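Just below is one structure, and these are the notes that go with it.
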Amino acid sequence: MKYEDVMKLALERGFYFPSCEIYADAQAGFWEYGPSGVGLKNKFLELWRRELVRRDGMLEIDGSQIMSESVFEASGHLGNFTDPIIKCTNCKATFRADRTIAEISNIEIPESAELIEFDNAIKGNNIKCPKCKGNFENTKKFNMMFKVGIGPEEETAYLRPETCQSIFVDFPRLFKIMRGKLPLGIAQIGKSFRNEISPRQSLLRLREFYQAEIEVFCNPKKLNEMEKFLQIQNTILRIQTDDEPVTLTCKEAVESGVIPNKFVAYYLGILTEFYEKTGVDIKKSRFRKLGEKEKAFYAEVAFDFEIETTIGWLELVACNYRSDYDLSSHATKSKEKFEVMDNDEKVLPHVFEISMGIDRSLYTILEHSLREDKENERTVLSLKPYLSPIHVGILSLVKKDGLKEKTDEIYFQIKRKFDAFLDHSGAIGRRYRRLDEIGSPFAITVDHQTLEDDTITIRMRDSMEQKRMKISELSSILSEYTAFP
RNA sequence: GCGGAGUUAGUUUAGUCUGGUAUAACGUCAGCUUCCCAAGCUGAAGGCCGCGGGUUCAAAUCCCGCACUCCGCACCA
């Protein structure tokens, strides 16, 4: 289904909607999750914890969203997260200074250079606006971080533009107190903030967004000593390099050199297995190996995990080998020691990062799960049962003859254990359709036979089939059907 | 940020040219009916027509500004 269809579902069924929408001064790039969206998100994150954090024995933390200026001096964000921007005095169009200069004059100026260097290059080479041939204003810096003032003196701090800096800053303590051993994964779910120039497409380009990040700390000399690699060596990866896209197992990817080592391949493998379980169409996914110019300033090797949707390929996860960039920067800036013992060897760990965009992942799950069942005239959200905001609808066939009371009784029995939704109103078919649209995989219905023999029917969302079963079996059957894989 | 198109009920939308406070469908709620898949009947709720200003006796409608949404460009460390 298309973007517009997902948007309509999101607005009508409470998955997500614009923030502060009743006020005219609401800013772009901020969206809220409604009840259905929160249900889906919580379950998606639970799956992430199971398939990545718990599977690999990682540690999870929850850090501050506001962090001090020093953090971002060390991380490089104050220097590098800034784009040099030039604006045309005539048509007001804005361009990246370094790229515009490079395109027109072939002069390469690093984006972190002093502003005067860009101005000199523009004047010296008579560079004009590519659109209207107008003159440029002086180069300015545009920093994508939100600055905040702390306390009455408004001391400078920033909303984090990525969650992972907490992980680096906390690493020395965590390694000591949690009896860390390399390789060690540290994970975090939380919000990040970026002052995007033009937010677009609801959940896909936000100014305030959720990330689930993992930083795996490792000994750089041991990137091929990976016993766990056996678990995923036959897992199939789709990899896009500069040449043709290739489909190969993790083992083949390492042997052919497409992926540099077993360590990186292992994490790309478990990431793939995680996304398979979210119900997205994994055949429409790829790891795109980034070229030198595309990579982030801190990355040595980088793969973007991308999924094809109706509005193009979306980047869901950035996988970066960040080397010791972060730890050595923070070590220098803070004078804290970041070296740890790996058996008898003292090492400054390297870092491999798996930085997941949660909002984009949720959009993709919705788009890939939503379908029109023309034969039965219904819209169905075929979510995996363990990801559905509602596990089961509890319905009375009709309200009278005590069926309502019996239905209520069943609802009260199970509502703390499952996400159940009680509904008595309207035709039974309409209630089934409503549940189909929010992805509830099951509906149980109380009918007259229930009053005689304590049995109910359970209806399957995808097949619309029904089976009769005993009320006493309901809890254990639902547990089985809605369990995480 | 630039260019284009839009913004009317929960959703989709008519009305805007030609000024007189708004149309329909679906959805929602209540009742009747109904013994399993959006049926039917009766009734009801729901709109500062994106926001602000101007013109006018009178503005959803004309004019100006702004915001937001979508598309394209640029941007996406």
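Below, chain A is the first sequence line, B the second, and so on; all start at residue 1. Quick note: numbers below take in every heavy atom, side chains included, and nothing from hydrogens, waters or symmetry partners. Please read these numbers as outputs of a predicted model, since none were measured by experiment.
- Each of A:Glu372 and A:Asp401 was assigned the nucleotide of RNA chain B with the nearest heavy atom; the assignment lying further toward the 5' end belongs to A:Asp401.
- Atom NZ of A:Lys2 is separated from atom C1' of B:rC70 by 15 Å (rounded to the nearest Å).
- Put simply, A:Gln201 has a side-chain N or O that comes within less than 4.0 Å of OP1 or OP2 on B:rC71.
- At a threshold of 4.0 angstrom between heavy atoms, the contacts of A:Thr379 include nucleobase atoms, whether or not backbone atoms are also involved.
- Across all strands shown, B:rU13 forms no Watson-Crick or G-U wobble pair with both key distances under 3.5 Å.
- When the P atom is used for both B:rA58 and B:rG19, the distance is 15 Å, rounded to whole Å.
- The pairing partner recorded for B:rC2 is B:rG72, the criterion being a Watson-Crick or G-U wobble arrangement whose two distances lie under 3.5 angstrom.
- Rounded to whole Å, the separation between the C1' atoms of B:rC35 and B:rG27 comes to 26 Å.
- In this structure, A:Glu21 places its CD atom 13 Å from P of B:rC51, rounding to the nearest Å.
- Relative to the side chain of A:Arg433, the nucleotides B:rC36, B:rA38, B:rU34 differ in distance, and B:rA38 lies closest.
- Contact between A:Leu327 and A:Phe338 at its shortest, heavy atoms only, is CD2-CD2, 3.5 Å.
- Taking both residues in full, the closest heavy atoms of A:Pro441 and A:Ile390 are given as CD-O, 3.3 Å, listed atom of the first, atom of the second, then distance.
- Not one N or O on the side chain of A:Thr457 forms a donor-acceptor pair closer than 3.5 Å with the backbone of A:Arg468.
- Put simply, the side chain of A:Asp401 never gets that close to the backbone of A:Leu403: no donor and acceptor are under 3.5 Å apart.
- In this structure, NZ of A:Lys399 is placed 16 Å from C1' of B:rC36, rounded to the nearest angstrom.
- Side-chain N/O atoms of A:Asn376 and base N/O atoms of B:rC37 include no donor-acceptor pair closer than 3.5 Å.
- When the C1' atom is used for both B:rG15 and B:rA59, the distance is 14 Å, rounded to whole Å.
- Judged by distance alone with a 3.5 Å cut-off, no donor-acceptor contact links the side chain of A:Arg13 to the base of B:rG27.
- A 3.5 Å limit on both hydrogen-bonding distances identifies no Watson-Crick or G-U partner for B:rC49.
- Across all strands shown, nothing is found opposite B:rA39 as a Watson-Crick or G-U wobble partner with both distances under 3.5 Å.
- The gap from the P atom of B:rA25 to that of B:rG40 amounts to 12 Å, rounded to the nearest Å.
- Spacing between atom CD of A:Glu465 and atom P of B:rC36 amounts to 17 Å, rounded to whole angstrom units.
- Going from the P atom of B:rC62 to that of B:rG1 covers 26 Å, rounded to whole Å.
- One P atom belongs to B:rG50, the other to B:rU69, and the distance between them is 16 Å to the nearest Å.
- Between A:Phe305 and the choices A:Phe274, A:Trp313, A:Tyr267, A:Tyr275, the ring pair (Phe, Tyr, Trp, His ring centres under 6.0 Å) rule is met once, by A:Tyr275.
- The distance between atom CD1 of A:Ile438 and atom P of B:rG27, rounded to the nearest whole Å, is 17 Å.
- Atom CD1 in A:Ile86 sits about 13 Å away from atom C1' in B:rC75, given to the nearest Å.
- B:rG54 and B:rU12 have their P atoms separated by 32 Å, with the value rounded to a whole Å.
- With B:rC36, B:rA39, B:rC71 as the candidates, the nucleotide lying closest to the side chain of A:Arg200 is B:rC71.
- Residue A:Tyr3 is in sugar-phosphate contact alone, with no base atom involved, counting any heavy-atom pair closer than 4.0 Å across all strands shown.
- Between A:Glu315 atom CD and B:rC75 atom P the separation is 16 Å, expressed in whole Å.
- Between A:Lys400 and B:rU34 there is a side-chain polar atom (N or O) within less than 4.0 angstrom of OP1 or OP2.
- Neither OP1 nor OP2 of B:rA38 sits under 4.0 Å from any side-chain N or O of A:Arg431.
- Judged by distance alone with a 3.5 Å cut-off, a donor-acceptor contact links the side chain of A:Thr457 to the base of B:rC36.
- Separating the CD atom of A:Gln449 from the P atom of B:rC36 is a distance of 12 Å, rounded to the nearest angstrom.
- For the C1' atoms, the distance linking B:rC57 with B:rG47 amounts to 25 Å, nearest Å.
- Look at B:rA67: its Watson-Crick or wobble partner, with both distances under 3.5 angstrom, is B:rU7.
- Evaluation of atom-type donor-acceptor distances gives no pair under 3.5 Å for the side chain of A:Ser425 against the base of B:rA30.
- Which of B:rU11, B:rA39, B:rC37 sits closest to the side chain of A:Glu12 comes down to B:rU11.
- Between A:Arg160 and A:Ser64, the shortest heavy-atom distance links the atoms NH1-O, 3.2 Å.
- A distance-only check finds no donor-acceptor pair linking the side chain of A:Arg459 to the backbone of A:Gln466 [under 3.5 Å].
- The aromatic rings of A:Phe303 and A:Phe287 lie perpendicular to each other, with more than 60° between the two planes, well past the 30° mark.
- Checking the phosphate oxygens (OP1, OP2) of B:rU28, a side-chain nitrogen or oxygen of A:Arg430 falls inside 4.0 Å.
- For the pair A:Tyr432 and B:rC36, the criterion of a side-chain N or O lying under 4.0 Å from OP1 or OP2 is not met.
- The partner of B:rA59, taking Watson-Crick or G-U wobble pairs whose two distances both stay under 3.5 Å, does not exist in any strand shown.
- Under 4.0 angstrom from either OP1 or OP2 of B:rC37 there lies no side-chain N or O belonging to A:Arg434.
- Among the heavy atoms of the strands lying under 4.0 Å from A:Glu437 is at least one base atom, whether or not backbone atoms are also near.
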